[in-house]
Amino acid sequence: QVQLVESGGGLVQAGGSLRLSCAASGRTVSSYVMGWFRQAPGKEREFVATINWSGGSTSYADSVKGRFTISREYAKNTVYLQMNSLKPEDTAVYYCAAKSGVVRSTRTAAYDYWGQGTQVTVSS
């Protein structure tokens with residue numbers, strides 16, 4: 001089992017920045033792929049970014065490319081999502097997720113473990 005706990009959400013003005021954290025515990029996550037997803041009210045959960053824990057390779061949704069950066073810190077078993085130049089359309093609950101293996105995926109169904117989510121609200 002892997003437990004994931006997100007933090008760092010909040011209210012920010014358009015153009016501002018936030019950094020989300022996802023602390024992983026339980027099984028070693030060194031062989032996992034970690035992902036960030038988001039869900040806005042009335043919409044389906046959508047892919048944001050993903051990273052291989054071991055190699056550090058990343059993928060991003062087109063809507064966040066160039067503004068968001070996913071990274072991981074081995075010593076703290078933590079994955080981060082640095083969000084810059086935030087827009088009102090980035091408002092959503094952001095979820096951290098983990099999947100076993102080394103193949104990155106943008107599909108929610110591919111991920112085995114999920115955190116409880118953290119709210120990000122961007123005001124115009």
Side-chain angles (χ1 to χ4, degrees):
Q1 282 282 50
V2 174
Q3 292 80 43
L4 304 172
V5 178
E6 303 99 332
S7 61
L11 173 64
V12 65
Q13 288 189 331
S17 298
L18 281 175
R19 188 178 78 159
L20 305 183
S21 300
C22 172
S25 61
R27 283 187 180 178
T28 177
V29 293
S30 61
S31 62
Y32 279 66
V33 167
M34 305 298 294
W36 284 99
F37 292 77
R38 66 187 183 186
Q39 188 166 18
K43 295 188 176 181
E44 292 188 355
R45 194 169 298 189
E46 66 175 7
F47 166 74
V48 175
T50 183
I51 186 169
N52 287 90
W53 193 274
S54 56
S57 299
T58 59
S59 298
Y60 295 92
D62 287 343
S63 58
V64 306
K65 207 171 289 184
R67 300 188 299 122
F68 291 10
T69 303
I70 188 171
S71 62
R72 80 270 192 254
E73 185 173 356
Y74 281 109
K76 295 185 177 181
N77 245 20
T78 298
V79 174
Y80 302 100
L81 185 68
Q82 177 66 44
M83 305 185 296
N84 299 328
S85 302
L86 282 162
K87 305 175 181 179
E89 50 263 45
D90 294 318
T91 295
V93 177
Y94 282 71
Y95 296 91
C96 176
K99 66 176 292 288
S100 58
V102 298
V103 178
R104 298 191 306 280
S105 176
T106 64
R107 298 184 304 113
T108 57
Y111 288 77
D112 306 301
Y113 304 100
W114 292 85
Q116 83 287 350
T118 185
Q119 177 71 46
V120 171
T121 304
V122 184
S123 63
S124 56

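Counting from 1, the numbers follow the sequence of the chain as shown.
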Novice: I'd like to know if the side chain of Glu6 and the backbone of Gly117 have a donor-acceptor N/O pair within less than 3.5 Å.
Specialist: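 Looks like yes, one N/O pair under 3.5 Å.
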Novice: List the residues meeting side-chain contact (heavy atoms from CB on, under 4.5 Å) with Thr121, not counting sequence neighbours, and say none if there are none.
Specialist: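 Thr121 satisfies side-chain contact (heavy atoms from CB on, under 4.5 Å) with Leu11, Thr91, Gln119 only.
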Novice: Would you please classify the geometry between the Phe68 ring and the Tyr94 ring as parallel, tilted or perpendicular, with 30° and 60° separating the classes?
Specialist: tilted
Novice: Starting from Leu4, can I reach Tyr74 by hopping between I/L/V/M/F/W/Y residues whose side chains sit under 4.5 Å apart?
Specialist: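 Shared cluster, yes.
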Novice: Same cluster or not: Val64 versus Tyr80, using hydrophobic residues (I, L, V, M, F, W, Y) connected whenever any side-chain heavy atoms lie under 4.5 Å apart?
Specialist: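 No; tracing contacts between hydrophobic side chains, which count when under 4.5 Å, never links both residues.
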Novice: Does some side-chain heavy atom of Val120 sit less than 4.5 Å from a side-chain heavy atom of Met83?
Specialist: yes
Novice: I'd like to know if the side chain of Tyr111 reaches the main chain of Val33, judged simply by a donor and an acceptor atom lying under 3.5 Å from each other, with no hydrogens or angles considered.
Specialist: no
Novice: Just by modelled atom types, is the Val102 backbone N or O under 3.5 Å from a matching donor or acceptor in the Asn52 side chain?
Specialist: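 Confirmed, Asn52 side chain pairs with Val102 backbone.
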Novice: Can you say whether the rings of Trp114 and Tyr95 are parallel (under 30°), tilted (30 to 60°) or perpendicular (over 60°)?
Specialist: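 Taking Tyr95 first and then Trp114, their aromatic rings stand perpendicular (interplane angle over 60°).
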Novice: Between atom SG of Cys96 and atom CZ of Phe37, what is the distance when rounded to the nearest 0.5 Å?
Specialist: 10.0 Å
Novice: Indicate yes or no for a side-chain donor-acceptor contact from Arg104 to the backbone of Gly35 under 3.5 Å, with no hydrogens or angles considered.
Specialist: no
Novice: Taking atom CD of Gln13 as the centre, does the number of heavy atoms from other residues, nucleotides or ligands within less than 6.0 Å exceed 12?
Specialist: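 Counting other residues, nucleotides and ligands, CD of Gln13 stays at 12 neighbours or fewer.
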Novice: Check whether any side-chain heavy atom of Trp53 sits under 4.5 Å from a side-chain heavy atom of Val79, and report yes or no.
Specialist: yes
Novice: Would you say the side-chain atoms of Thr58 pair up with the backbone N or O of Thr50, donor to acceptor, closer than 3.5 Å?
Specialist: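 No, because the side chain of Thr58 does not come within donor-acceptor range (under 3.5 Å) of the backbone of Thr50.
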Novice: Go through the steps for Asp112 and Ser100 under the test side chain to side chain contact (heavy atoms under 4.5 Å, CB included), then give the verdict.
Specialist: CA-CA 7 Å; Asp112 306 301; Ser100 58; 3.5 Å; yes
Novice: Could you pull out all residues at least two apart from Lys65 that satisfy side chain to side chain donor-acceptor pair (under 3.5 Å)?
Specialist: Asp62
Novice: Please confirm whether the backbone N or O of Ala92 pairs with a side-chain atom of Gln39, one donor and one acceptor, at under 3.5 Å?
Specialist: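 No, the answer is negative, given that no donor and acceptor are paired below the 3.5 Å cut-off.
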